[in-house]
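Quick one: the structure is below, and I'll ask about it shortly.
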Protein chains: 2
Amino acid sequence: MTDTDAIEGRRDRKKRETRQRLIDAAATLFATTGFAETTTVDIAESADVAQRTLFRHFATKEALLYGDMDDLRIALRAALESRPGDEPVLEVVRQAVLSLADDHQRNADRRLLQARLAAAVPSVSAYSRAVVQASWEREIINAVALRLDTDPIADPRPEIIAGAAMSALRVAIRQWTTGGGRADFVELADGALSAIADLTSPGAGSTDH
Amino acid sequence: MTDTDAIEGRRDRKKRETRQRLIDAAATLFATTGFAETTTVDIAESADVAQRTLFRHFATKEALLYGDMDDLRIALRAALESRPGDEPVLEVVRQAVLSLADDHQRNADRRLLQARLAAAVPSVSAYSRAVVQASWEREIINAVALRLDTDPIADPRPEIIAGAAMSALRVAIRQWTTGGGRADFVELADGALSAIADLTSPGAGSTDH
DNA sequence: CATCGTAATGTCAGTGACTGACATGAGTCA
DNA sequence: TGACTCATGTCAGTCACTGACATTACGATG
């Protein structure tokens with residue numbers, strides 16, 4: 001189905017399982033005991049591995065909380081690449097953001113935990129912004145630059161479009177989190193994204209109080 | 001001149017001086033020895049205080065590197081508030097970003113050091129994005145919301161405009177840093193900011209490869 | 001199936017950021 | 001001068017994270 005299933009042997013499977021046990025153990029402990037209150041030794045013991053093994057799988061405690069985010073970034077990239085080449089850029093970005101909506105609905109508990117900890121713990125907030133969201137932003141920048149046939153280093157437009165999109169996404173995530181994950185993420189995202197389109201067509205950049 | 005000079009006594013002055021000595025000692029050591037290679041004990045000794053005193057002034061090692069950024073945020077706010085009420089929002093944001101340009105030209109060495117460390121050290125990058133830049137972004141969001149007479153929590157437009165502006169600012173800072181601080185920051189910022197205006201008038205959000 | 005190389009994990013002993021508790025001394029104010 | 005406050009010093013501790021080395025489990029190869 002994907003491209004990473006090149007006949008996985010027992011060794012690779014065990015490694016992947018250990019990694020997943022660590023992620024799940026961490027999420028459970030963070031949810032019940034709190035982020036700061038949970039030590040990496042606690043998590044390692046709960047996953048039945050040595051602390052050293054934990055740090056071979058994850059560089060930081062924060063990375064452990066967001067351990068399942070690589071899949072999400074890959075899904076985002078896939079969504080960006082799957083759109084027809086002549087589709088308007090904003091629509092491509094919209095579809096990409098909506099691919100994240102799907103995930104949030106399916107993994108609501110985990111995403112809510114991450115969002116709540118990001119709101120409460122500075123180091124988690126920093127990781128979320130500077131690592132997780134920045135990686136999404138880079139995917140969008142590259143995809144937009146490709147479609148505009150431009151150099152994302154010299155031309156600021158891809159980065160600006162991506163920045164606006166990420167802000168819309170953050171608004172949607174915040175509203176979704178505030179509502180306890182009960183609201184329809186697609187609606188929220190569409191609402192925020194439409195504000196970008198409003199900027200690009202009417203003169204919303206001028207006075208209108 | 002400002003509003004924080006409510007007759008500063010000797011005690012407050014000494015506290016401020018200690019804080020400044022820590023900032024300068026840290027910058028010097030970071031520049032000569034490297035960020036990771038410099039310990040907080042080194043910095044404290046270089047500033048002739050106890051390590052405990054360092055951590056009473058700054059919560060983290062990263063905060064120490066960006067210890068002079070509060071002034072910058074205050075300047076940004078002042079720039080946002082000083083613009084006439086009927087000025088177009090994008091022009092207000094432009095003036096605010098340009099107020100940061102002034103500072104970068106004046107404190108080029110310090111800003112280059114911060115930018116270079118942010119590019120090289122993950123924890124510094126995270127702090128820069130999630131603390132420093134996020135605080136600027138909040139200032140812009142609030143100012144834009146005020147001018148659009150809208151609620152920045154419910155209405156996504158202020159946050160999206162601020163997100164686009166922050167992306168433009170990041171592009172300008174990156175280009176300025178890449179050029180060793182020799183380029184004209186105002187030109188770079190104007191170049192990046194004009195890409196926002198391009199989005200709001202012509203149909204740059206559609207196909208145009 | 002025995003063997004050998006390799007990759008994952010365990011063990012152990014650090015380093016260094018950061019914190020709480022308590023002591024001290026300088027600055028301020030009556 | 002004397003009481004009071006607040007910045008700082010001292011000290012001991014916790015915990016995230018790392019390097020070095022030993023060990024065990026896989027997997028390929030004869």
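Source: prediction; values computed, not measured. Order of the sequence lines sets the chain letters (A, B, ...), proteins ahead of strands, with each chain counted from 1.
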**OP:** Could you check whether A:T38 gets within reach of a base, just the sugar-phosphate, or nothing at all, counting any heavy atom under 4.0 Å?
**Re:** sugar-phosphate
**OP:** Establish, with yes or no, whether the OP1 or OP2 oxygen of C:dG10 is under 4.0 angstrom from a side-chain nitrogen or oxygen of A:T53.
**Re:** yes
Original post:
For A:R52 and D:dT24, what is the distance between atoms CZ and C1' respectively, to the nearest whole Å?
Top reply: 17 Å
**OP:** Indicate whether OP1 or OP2 belonging to D:dT8 is found under 4.0 Å from a side-chain N or O atom of B:T18.
**Re:** yes
Subject >> Nearest-angstrom distance from the residue atom CZ of A:R56 to C1' of D:dC17 >> reply: 12 Å
**OP:** Return the value, rounded to whole Å, for the distance between atom CD of A:E37 and atom C1' of D:dA16.
**Re:** 15 Å
Subject >> Side-chain N,O (A:K14) to OP1/OP2 (D:dA25) below 4.0 Å >> reply: no
Original post:
Under 4.0 Å between a side-chain N/O of A:H57 and OP1 or OP2 of C:dA8, yes or no?
Top reply: no
Original post:
Please give, in whole Å, the distance from D:dT8 P to B:F58 CZ?
Top reply: 11 Å
Subject >> Minimum-distance nucleotide to A:R11 side chain [options: D:dT8, D:dA25, C:dG16] >> reply: D:dA25
**OP:** Identify which nucleotide among D:dT10, D:dC26, C:dG10 has an atom closest to any side-chain atom of A:A50, counting heavy atoms from C-beta outward.
**Re:** C:dG10
**OP:** Would you tell me if any nitrogen or oxygen in the side chain of B:K61 comes within less than 4.0 Å of OP1 or OP2 on C:dC18?
**Re:** no
**OP:** Scan for ring pair (Phe, Tyr, Trp, His ring centres under 6.0 Å) pairs involving residues 107-165 of chain B, sequence neighbours excluded, and state none if there are none.
**Re:** B:Y66-B:Y127
**OP:** Return the nearest nucleotide to the side chain of B:F55; candidates are D:dC17, C:dT11, C:dC18.
**Re:** C:dC18
**OP:** Starting from P on C:dA7, measure out to CG on A:D12 and report it in whole angstrom.
**Re:** 11 Å
Subject >> Residue A:T40, side-chain heavy atoms: nucleotide from D:dA16, C:dG27, C:dC18 that is nearest >> reply: D:dA16
Original post:
Please give, in whole Å, the distance from C:dT11 C1' to A:L54 CG?
Top reply: 16 Å
**OP:** Indicate whether any N or O donor in one side chain lies under 3.5 Å from an N or O acceptor in the other, for B:S167 and A:E159.
**Re:** no
**OP:** Work out which heavy atom in A:L113 is nearest to a heavy atom in A:A27; give both atom names and the distance.
**Re:** CD2-O, 3.5 Å
Subject >> For B:V132 against B:M69, the heavy-atom pair lying closest together >> reply: CG1-CG, 4.2 Å
**OP:** Scan side-chain atoms only and decide if A:E137 and A:N142 contain a donor-acceptor pair under the 3.5 Å cut-off.
**Re:** no
